[in-house]
Amino acid sequence: MARKHAKRGGWADEPEATEDEAPPPVPCWLCGRPTGSTIVWHHPVPKSRGGRDVVPMHGICQQTLTANFTNSELQRAGLDVDVLLAHPPIRKFVDWVANKDPDFTASVTKKGR
Ligand SMILES: [Zn+2]
């Protein structure tokens, strides 16, 4: 008569069905760090070019991509993030951002705290 630990119906004691809990962090498509409180759903292939897939990204990572690539370049790379990472500026950015907080956003031009 174990009523707590017996897995009978499977719904009564579900440990994972907590509604308040935040969903597990998804890794950023570009830098691989877990995303923070804000997830940007980025179209690797621009929507205007018929891209349908979206990938989770940090805002700052998406900004970096769009600052470094044109839509045509992004379209060509498509879902192959390695192509993008092969670009030195991107590589450098990813290495740099690797130690930042997931919620870190660059207010690049702002200094002071
Ligand atoms: Zn990222």
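Atoms within a ligand are numbered from 1 in the order they appear, just like the ligands themselves.
- In this structure, T35 contributes its side chain and V26 its backbone to a donor-acceptor pair below 3.5 Å.
- S48 is linked by a side-chain hydrogen bond (donor to acceptor under 3.5 Å, both in side chains) to nothing, counting only residues two or more places apart in sequence or in another chain.
- In this structure, H87 and N68 have side chains that are not in contact, with every pair of non-hydrogen atoms separated by 4.5 Å or more.
- Remark: D95 CG to K92 NZ distance equals 10.0 Å, nearest 0.5 Å.
- At least one donor-acceptor pair under 3.5 Å links the side chain of R33 to the backbone N or O of K100.
- Here the side chain of E73 pairs a donor or acceptor atom with the backbone of T70 at under 3.5 angstrom.
- Within the sub-2.8 Å shell of the Zn ion (ligand 1), the protein contributes these N/O/S atoms: C28 SG, C31 SG, H58 ND1, C61 SG.
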